[in-house]
2 protein chains.
Amino acid sequence: MQSPGCLMAGRRPSLWPVSKTPPIYDQRYPARQLLDVIAGKWTPIILYCLSGGTRRFSELQHQIPDISKKMLIQVLRRLESDGIVARTVYPVVPPKTEYRLTPLGRRIHEPVAMLCQWAVENEKDLKTVMRKRGVTAQD
Amino acid sequence: MQSPGCLMAGRRPSLWPVSKTPPIYDQRYPARQLLDVIAGKWTPIILYCLSGGTRRFSELQHQIPDISKKMLIQVLRRLESDGIVARTVYPVVPPKTEYRLTPLGRRIHEPVAMLCQWAVENEKDLKTVMRKRGVTAQD
DNA sequence: ATTCATGGTTACTTTTAGGTAACTACTATT
DNA sequence: AATAGTAGTTACCTAAAAGTAACCATGAAT
């Protein structure tokens with residue numbers, strides 16, 4: 001997989017890396033855009049949880065115990081404004097809010113799932129890298 | 001693709017998200033490890049360039065014109081210490097240094113290539129997201 | 001004598017991501 | 001009367017990532 005189209009926008013598939021003045025590296029590169037959307041510390045795990053179906057705020061909090069309220073809501077709000085997550089508020093008391101993936105969200109979850117699958121299948125390679133970084137995966 | 005094994009280490013494939021005390025979100029999740037390695041702003045494009053073969057420092061600089069020397073060398077050094085990139089210095093003057101992917105680096109490039117492929121095939125979905133973010137991909 | 005290209009290094013600043021803790025409002029339960 | 005659970009908000013702080021600009025040594029070409 002080596003075609004120049006991979007990292008760059010489809011508009012100039014033959015200009016780079018061949019061109020003498022390659023296009024500027026910016027947010028037009030699809031792979032960069034994708035990573036900008038999914039690469040946050042909590043984003044993949046939240047997408048993963050929601051890929052299992054609709055979840056209440058507190059359910060997500062319990063499934064991801066290390067996340068703070070602030071980060072959970074911050075990521076959810078960003079995903080919502082990205083059109084990836086839909087939020088439904090039930091006007092009851094105590095409050096009840098549900099989050100679920102939109103159709104677009106389900107598409108965005110695809111590459112996350114691919115990444116997960118590759119990562120599990122190639123855990124040894126990842127462990128090699130982590131070991132070189134001094135991340136001891138004891139326990 | 002919904003098995004709990006995807007985001008978490010293979011050791012506890014059935015404990016989460018079923019368990020009442022799910023494992024702590026940390027660097028043991030393979031997908032997280034993978035993203036920690038490939039998700040930097042410049043890392044994917046550098047891996048992509050090197051996937052095309054051995055490159056001199058200046059070649060990389062010209063292929064990625066927006067990157068600063070500092071960032072290029074910083075990422076290359078990190079990839080080198082991760083065992084993903086190999087560096088060969090020729091003791092000539094002017095200096096000549098070559099960078100290439102190691103076998104491990106070629107493996108790590110696989111998911112990057114997958115991401116790239118998905119991103120190009122689903123550019124419309126990505127554009128939808130970027131538009132909602134106000135990133136106008138004019139030109 | 002000066003400039004260019006090579007492959008860097010260094011110090012400093014800005015920007016972004018992420019984390020902590022306290023606070024809100026409402027109701028039910030003890 | 002105090003506490004817990006719900007879904008948040010707010011102000012503040014730290015750490016990491018990224019960017020800027022100047023500097024270095026060398027030798028060849030001008």
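Basis for what follows: all heavy atoms, side chains included, without hydrogens, waters or symmetry-related copies. By convention in this document, chain letters (A, B, ...) are assigned in the order of the sequence lines, proteins followed by strands, and residues within each chain are numbered from 1.
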Donor-acceptor pair, A:His109 side chain versus A:Gly105 backbone, under 3.5 Å? no
Check: B:Met71 main-chain N/O paired with B:Gln74 side-chain donor or acceptor under 3.5 Å: no
A:Leu101 and A:Ile108: side-chain contact (heavy atoms from CB on, under 4.5 Å), yes or no, with the steps? CA-CA 9 Å; A:Leu101 293 185; A:Ile108 293 292; over 6 Å; no
With heavy atoms under 4.0 Å as the rule, sort [X] into base, sugar-phosphate or nothing.
X       : answer
A:Arg78 : nothing
A:Lys96 : sugar-phosphate
A:Tyr99 : sugar-phosphate

DNA chain C: 5'-proximal contact among B:Pro95 and A:Val93 (nearest heavy atom): B:Pro95
Given DNA chain C, 5'-ward residue of the pair B:Phe57 and A:Ser68, judged by closest heavy atom: B:Phe57
Compute whether any side-chain donor of one residue and acceptor of the other, for B:Glu121 and B:Gln117, lie under 3.5 angstrom apart. yes
Is it true that A:Glu123 and A:Lys127 make a salt bridge, defined as a side-chain N closer than 4.0 Å to a carboxylate O? yes
Under 3.5 Å, which donor-acceptor pairs link side chains of residues 81-98 of chain B to any protein atom two or more places apart or in another chain?
{"unit_1": "B:Ser81", "atom_1": "OG", "unit_2": "B:Arg78", "atom_2": "O", "d": "3.1"}
{"unit_1": "B:Asp82", "atom_1": "OD1", "unit_2": "A:Arg133", "atom_2": "NE", "d": "3.1"}
{"unit_1": "B:Asp82", "atom_1": "OD2", "unit_2": "A:Arg133", "atom_2": "NE", "d": "3.3"}
{"unit_1": "B:Asp82", "atom_1": "OD2", "unit_2": "A:Arg133", "atom_2": "NH2", "d": "2.8"}
{"unit_1": "B:Arg87", "atom_1": "NE", "unit_2": "B:Tyr99", "atom_2": "OH", "d": "3.4"}
{"unit_1": "B:Thr88", "atom_1": "OG1", "unit_2": "B:Arg100", "atom_2": "NH1", "d": "2.9"}
{"unit_1": "B:Tyr90", "atom_1": "OH", "unit_2": "B:Glu98", "atom_2": "OE1", "d": "3.1"}

Do A:Ile67 and A:Ile46 have side-chain heavy atoms sitting under 4.5 Å apart? yes
With a strict under 4.0 Å distance from non-hydrogen atoms of chain A, what nucleotide opens and what nucleotide closes the contacted stretch of DNA chain C, reading 5' to 3'? C:dG18 to C:dT27
Heavy-atom contact window of chain B on DNA chain D, given 5' to 3' at under 4.0 Å: D:dA18 to D:dG27
Ranking B:Gln74 and A:Thr97 by the position along DNA chain D of their nearest nucleotide, the one closer to 5' is A:Thr97
How long is the gap from CG on B:Leu126 to CZ on A:Arg32, to the nearest 0.5 Å? 12.0 Å
